[in-house]
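Here's the structure we're looking at; comments come further down.
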Amino acid sequence: MSFVSELDEKTAAIERLLTTYLPKEQGWAKTVMEAMNYSVMAGGKRLRPMLMSETYKMFGGSQREIEPFMAAIEMIHTYSLVHDDLPAMDNDEYRRGRKTTHIVYGEAMAILAGDGLLNYAFETALKAFEFDGADLKRCSRALAILAQKAGIYGMIGGQTADIEAENLGADVTEEHLLFIHEHKTAALIQAAMMIGAVMGGADDAQIDIVERAAYDIGIAFQIQDDILDVTSTLETLGKPIGSDEKNNKTTYVTLKGIEAASAQQKEMSSHAIELIEGLGSGGIRNDFLSELIRSLITRIK
Ligand code: GRG
């Protein structure tokens, strides 16, 4: 099967999985559940759950115990997008080709839907502990990674630094920008791959390598995001381009120019693949995962 057909099949399988873990829309709090489901089921590449399950398989994992974590990370990712789109943050009207959650449900309900998704992510991840024969040590380690990488030492920390860096212009250094990208974007990609490794039975040294590779993937992914914000179109991206300029954001593109940013993106992606394929001496290998990382270099959305 070609990489693209395999990718489509795996994406569709993740979509099905997500629907089984989302809340039923019922009762007096039904609206928040509708807003949560609207946001999660609006499409998206499903990259984080895919990286998680492929890393899990690479380490020999083959059980359904990974599924609650796959659903949980997509819920956390979606909450971050819902909150990021709010008027108090980026104030965006479109995401994933659809109206953003606050445009459809109002601002108060979008805040609650984001909060709901963050909390429900942990309710969902906890279901991994209930699987027959669950390895509770692995589950609790995976849960700790999820909490930490999404929190103030991870994504929320990165978003904080990002918001405060707006309007700083030339005062934003490369080091400052790397802190933002590492925490805002790479942390959740690290969580995805590290949880896959932990649940698949990787040892500490292997988890460390996965964390480093995911750092490179995360920064490369963000650089490509910055490039697409300048070079793509609303139709392709599903959201307006020029958002960084609108918010006076310093990005890799404004700091280094498109060509240097693109070269750095390719170099970091290749380095990540080297690290992942370097694990292969122990029989650990997943060609689809390498191809997936490679595909991010040329992604157009
Ligand atoms: C509100 C705590 C909080 C955090 C927000 C995710 C985020 C942090 C901000 C969104 C803006 C942004 C550029 C984030 C960097 C990560 C990123 C590129 C997100 C988009 O991820 P994709 O491309 O989205 O995987 P899809 O829609 O495909 O799931």
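Nothing here was measured: the structure is a model prediction, and the numbers come from that model. We count ligands from 1, going down the list as the structure has it; atoms in each ligand are counted the same way.
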Checking heavy atoms under 4.0 Å, the part of Arg46 that sits near ligand 1 is neither
Under 4.0 Å between heavy atoms, the region of Lys45 that gets near ligand 1 turns out to be both
Per-atom filter on ligand 1: closer than 4.0 angstrom to a heavy atom of Thr185 are 15 (C), 16 (C)
Among non-hydrogen protein atoms, atom 2 (C) of ligand 1 lies closest to Tyr79 OH, 3.4 Å
_What I want to find out is whether Glu15 reaches Lys10 closely enough, with some N-O distance under 4.0 Å, to be called a salt bridge._
no
Near His83 (heavy-atom distance under 4.0 Å), the atoms of ligand 1 are 1 (C)
Atom 9 (C) of ligand 1 sits nearest the protein heavy atom Asp84 CG, 3.3 Å
min-distance protein heavy atom vs atom 27 (O) of ligand 1 -> Arg96 NE, 2.8 Å
for atom 8 (C) of ligand 1, nearest protein heavy atom and its distance come out as Gln159 OE1, 3.4 Å
Atom 6 (C) of ligand 1 has as its nearest protein heavy atom Ser80 OG, 3.0 Å
Query raised in the report: Is Arg95 paired with Asp84 through a side-chain N to carboxylate O contact shorter than 4.0 Å?
Result: yes
The answer for which part of His77 has a heavy atom under 4.0 Å from ligand 1 is side chain
Any salt bridge linking Asp287 with Arg285? Criterion: basic side-chain nitrogen under 4.0 Å from a carboxylate oxygen. yes
Are any non-hydrogen side-chain atoms of Tyr79 and Met155 less than 4.5 angstrom apart? yes
Distance col, row Gln224:CD vs Lys301:NZ, nearest 0.5 angstrom, shows 14.0 Å
Gly44 heavy atoms within 4.0 Å reach ligand 1 at atoms 26 (P), 27 (O), 28 (O), 29 (O)
Side chain of His181, backbone of Ile223: donor and acceptor closer than 3.5 Å? no
Going by the 4.0 angstrom heavy-atom rule, the piece of Leu47 near ligand 1 is neither
Discussion item. Using 30° and 60° as the class boundaries, would you call the ring planes of Phe288 and Phe3 parallel, tilted or perpendicular?
Written reply: tilted
Ligand 1 to Ile156, heavy atom cutoff 4.0 Å, flagged ligand atoms 2 (C)
The single option from Asp226, Asp229, Asp90 that satisfies salt bridge (charged side-chain N to carboxylate O under 4.0 Å, His left out) with Lys249 is Asp90
For atom 14 (C) of ligand 1, the closest protein heavy atom turns out to be Lys184 CE, 3.7 Å
Closest to atom 13 (C) of ligand 1 among protein heavy atoms sits Asp225 OD2, 3.3 Å
Checklist line | Side-chain heavy atoms of Leu143 within contact of Phe122, under 4.5 Å | finding: yes
Return yes when Arg48 approaches ligand 1 closer than 4.0 angstrom through a heavy atom, no otherwise. yes
query = Distance-only, no hydrogens or angles: does the Arg96 side chain make a donor-acceptor pair with backbone N or O of Gly43 under 3.5 Å?
reply = yes
